[in-house]
Amino acid sequence: MEELTASLEKLRVASADPAPEMFQQLLRQLNDLGGDDKTTGCESLVSGGVLPLCLAALQGSNPDAQAHSAELLAELAKVESCRVGCVESGVVGGLVGGLDSTNVNVAVQACRALGNICYEHVCVAEGGRVSVVGAGGAGKLVGLLDRAASLPETPDNHHLRLVATGFLLNLLNSYDTVQDDALEATLVGVLCEYLDKYSEDPDIPTHVLLSLTCLADTEVGRGLVVSRDITPQLVRVLRVNQSPEVIETALELVSNLADNEDVKTQMAKGGVCRAVMEVVKRHRAAPSPDLSPPILKTATDLVVLILVGDESMNALYDGGNGSVYLELVEWLTADIEDLQIAGALAMGNFARSDAHCIQMVEKGIAKQLLGVLGKHNSGEGDIRLQHALLSALRNLSIARQNKPVLVSQGALDVLLPMATKIETFPVVFKLLATLRMIIDGQSEAACKVGKEGVVVERLVGWTGTTDHPGVQGESSRLLAWIIKNCTGSPTHTADPKAEEAGKPSEPSGVGGEVVEALVKAGCVPPLVAMLGSEHAVMVNEAAMALAIVAAMPAGQEAAAATPLLKQVAPQVLRNSYLPPEIIINTLTFLTTLTSHDGALESMKSDELREGVGALASHTSDQVKALATTLKGKL
C-alpha cells in the first residue's frame with residue numbers, strides 16, 4: 001500500500017505531462033494486491049486524488065497516456081464506491097471524449113471504464129448511466145459502434161467491438177431510455193448490422209441480443225425493435241451460431257418479443273420456428289448435460305407461444321403439410337419429455353379450428369395422442385404431459401364428426417382409468433372437459449361413462465370440492481351431460497312436446513338404468529346447486545338434466561328432497577337475463593316434479609309461487625303457458 005501511495009505522489013508531481021508508464025505502474029501495483037486489499041487500494045487512490053490526474057491525462061494529447069489513464073479508471077470503477085467518485089469528479093466527460101478517438105486502445109479503455117461506471121450504479125440521481133447519457137455518451141457510443149463495424153477484422157478491432165457492445169449493454173440495462181427516439185432507431189439498425197456480420201461470433205451476439213432485450217423493455221424501444229423486423233437476423237443467429245449461451249439469449253429475446261400477435265405472425269412466416277427446430281435437432285444430436293435441457297425447454301416453449309396466434313398457427317399448419325407442423329407431430333413420440341409436451345400443446349393449438357380438427361383426426365393425430373396418454377394415464381404419469389395431451393384431445397373432440405372416431409379409437413378406455421387414479425386438480429379439470437366433449441351426442445359412450453360406478457362416485461365427490469372451482473363445475477356439467485346424452489335428449493332444449501305437456505317422458509332402457517344409478521349415487525343435489533350457477537349455459541344444462549331425472553319416481557323424490565331447491569328455483573325464475581329457452585327447461589323440470597304428491601308438498605313456498613306467478617305474463621307464449629299451469633298446481 002505504501003508503494004501505491006508513493007506512485008500516486010510521483011504521478012501528482014508529473015501531472016503536467018505524466019508518462020503513460022506511471023499509470024501502468026499504479027495498475028500493476030493494484031493487481032498485485034488482490035482481494036479486499038485491492039478494493040482498499042482503489043479507494044485509497046480515489047481518496048488520494050487520482051481521479052483529477054486521470055482526467056487531466058484524458059484531456060491531454062498523448063494517446064498512450066489517455067489509454068492507460070482510462071485503463072486505470074476502468075479498474076477503479078470495478079469498486080462501487082469508486083464509481084460514485086468517478087461520477088462526482090467529472091471524469092465521465094473525459095472518457096466520453098475518448099469514444100471519438102481513432103486510437104483503438106483509447107476507445108477500448110474508454111468503453112471499459114464507462115461500462116464499469118454504468119454497472120449497477122446504486123445512486124439514482126447522479127448514477128453512472130444518467131451521467132454518461134447526460135455527457136452525450138449514448139450518441140458517441142452509437143457512432144463508435146457504427147464505425148467499428150466497418151473496421152478490418154483484426155484482433156484489436158474485434159476486441160473494440162466486443163468491449164463497445166458490452167458497454168452498451170451496461171448502459172441500457174435497467175435504464176428506461178437513452179432519451180432520444182431517433183438515436184434508439186439508429187441503434188437498432190446498427191445492432192442488426194452486428195447480428196448480420198458477427199452472427200457466428202461466440203460473444204458479440206450475446207451483448208447485442210441482450211441490448212435489444214433491454215430496448216424492448218421500454219415502450220418506445222419495443223416499438224422500434226418490432227417495427228424494424230429483426231426476424232432475419234434472429235434466424236441467422238439461431239442457424240449458424242454454435243454457442244449455447246448465444247442461442248439461449250436469442251431464444252429468450254424471441255420469447256420476449258412474441259407476446260404481440262403481429263410479431264408471432266412475423267416470426268412464423270419469417271422462419272423463426274424452422275430455425276428453432278434446427279436448434280433442437282443440434283442439441284438432440286450432441287447434447288450438453290448442463291446447457292441442452294434449458295435450451296430445449298426454452299425452444300419448445302417458444303414454438304408453442306408462437307402457435308398461440310391464429311395467423312401464425314395457420315401459416316405453420318399450411319393445410320397439414322407445414323414442415324414445422326409435421327415435425328411437431330414427430331415430437332409426440334420423442335424420447336425427451338419436453339418435446340412430447342410441446343408436441344401435444346402444439347396439436348392443441350393447431351386444433352383450434354374445425355377444419356384442422358377434422359383433418360388431423362383423419363390423419364391419425366388423435367390416435368397418436370391416445371397412444372401416448374395410454375402410457376401416462378396413471379397417478380404416476382407426468383402432470384405436464386397429461387395436461388397437454390388432454391388439452392389437445394379436448395380440442396380435437398369439439399368437431400362433431402370427430403367424436404365417434406375418438407370413441408372407436410378407444411378414448412374412453414384411456415380416459416376413464418384416469419378418473420379413478422388422478423388426484424391433481426388441473427389434470428382432472430382437463431380430463432372432465434375432454435370426457436364431456438367426447439360423449440356429446442354419443443349415447444353409448446355416455447352410458448359407458450355413467451355405468452362406471454367408481455367414476456360416478458368420484459364425479460359426485462368432486463362436485464363438492466372447494467379447492468378447485470373449475471373441477472367442481474366440470475364434474476357437475478359432466479353428470480348433466482351423461483344424463484342428457486345417455487337418454488338421447490336434444491342438446492339445447494327439452495323436447496317441445498314434453499315442454500308443452502309439462503312432463504317429459506320417463507327415460508327407459510339402458511339410458512334409464514344409467515340415470516337411475518346416477519340418482520342413487522347422489523347426482524341430484526349437485527345438479528340442483530348447478531341450477532343456481534351464474535353461467536346461463538350451466539343453468540340450462542342443469543335444468544335439462546333435472547327434467548329428465550324428475551320423470552322418474554326416484555328422481556322426483558331426490559330432487560324435491562334437496563333443501564337447496566326452494567332457494568335456487570325462485571332465483572332462476574326471477575332472473576330476467578336468462579333467455580326463454582332456459583326458463584322453459586326450468587319450468588318443465590318443476591312442473592314434472594309436481595306430478596308426485598310428496599314432491600309437490602316439499603317444494604311449495606311463497607318465493608316459488610311469486611316467481612312462477614310473475615312469469616304468467618311473460619312475452620313468450622310457451623313460458624306463459626307453462627307458468628300458468630305450474631301456478632295452478634302450487
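The structure presented is a predicted model; accordingly, all values stated were derived computationally and were not measured.
With sequence neighbours left out, the side-chain contact (heavy atoms from CB on, under 4.5 Å) criterion links Ala616 to Thr628.
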* Could you walk me through whether Ser323 and Arg274 pass side-chain hydrogen bond (donor to acceptor under 3.5 Å, both in side chains), step by step? => CA-CA 8 Å; Ser323 61; Arg274 183 69 265 158; 3.2 Å; yes

* Quick one: do Glu474 and Leu478 satisfy side chain to side chain contact (heavy atoms under 4.5 Å, CB included)? Show the steps, please. => CA-CA 6 Å; Glu474 273 298 335; Leu478 181 53; 5.5 Å; no

* To do: Evaluate the criterion side chain to side chain contact (heavy atoms under 4.5 Å, CB included) for residue pair Lys448 and Val407; output intermediate values, then yes/no.
  => CA-CA 11 Å; Lys448 182 172 182 177; Val407 172; over 6 Å; no

* **Steps toward salt bridge (charged side-chain N to carboxylate O under 4.0 Å, His left out) verdict (Glu516, Lys520)** => CA-CA 6 Å; Glu516 189 173 345; Lys520 290 179 180 178; 3.7 Å; yes

* Asked: side-chain hydrogen bond (donor to acceptor under 3.5 Å, both in side chains) between Glu541 and Trp481: does it pass, once the steps are laid out?
  -> CA-CA 7 Å; Glu541 290 167 1; Trp481 283 46; 3.1 Å; yes

* To do: Apply the test side chain to side chain contact (heavy atoms under 4.5 Å, CB included) to residues Glu362 and Val405: give CA-CA distance (whole Å), side-chain angles for both, the deciding distance (0.1 Å), then the verdict.
  => CA-CA 9 Å; Glu362 286 175 350; Val405 179; over 6 Å; no

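Ser533 places a side-chain N or O within 3.5 Å of a backbone atom of His535 that can act as its donor or acceptor partner. A side-chain donor-acceptor contact under 3.5 Å links Ser476 to the backbone of Gln472. At distances below 3.5 Å, at least one donor-acceptor pair connects side-chain atoms of Ser353 with backbone N or O atoms of His356. Within the 3.5 Å criterion, the main-chain N or O of Leu390 finds a donor-acceptor partner in the side chain of Thr434. In this structure, Ser312 contributes its side chain and Ile306 its backbone to a donor-acceptor pair below 3.5 Å. Between the Glu261 side chain and the Asp310 main chain, a donor and an acceptor come within less than 3.5 Å of each other. Between the side chain of Thr300 and the backbone N or O of Lys297 there is at least one donor-acceptor pair closer than 3.5 Å.
For Arg222 and Asn260, the side-chain atoms include no donor-acceptor pair closer than 3.5 Å. Side-chain contact, Trp331 with Gln340: no donor N or O sits under 3.5 Å from an acceptor N or O.
Aromatic ring pairs are classed by plane angle as parallel below 30°, tilted from 30° to 60° and perpendicular above 60°; the pair Phe350 and Tyr317 is tilted.
Between Lys631 and Gly613, the shortest heavy-atom distance links the atoms CD-CA, 4.0 Å. Closest of all the heavy-atom pairs between Leu238 and Ala250 is CD2-CB, 3.9 Å. Nearest heavy-atom pair across Arg400 and Asp440 is NH2-OD2, 3.3 Å. Heavy-atom minimum distance, Ala366 versus Val361: CB-CG2, 4.2 Å. The minimum heavy-atom distance linking Ala258 with Val263 is given by the pair CA-CG1, 4.1 Å. Taking every heavy atom of both residues into account, Thr298 and Ser255 meet most closely at CG2-OG, 4.5 Å.
The one candidate from Lys264, Arg352, Lys269 that meets the salt bridge (Lys or Arg N to Asp or Glu O under 4.0 Å) condition with Glu311 is Lys269. Partner of Met360 under the side-chain contact (heavy atoms from CB on, under 4.5 Å) criterion, chosen from Val329, Asn395, Leu396, Leu369: Leu396.
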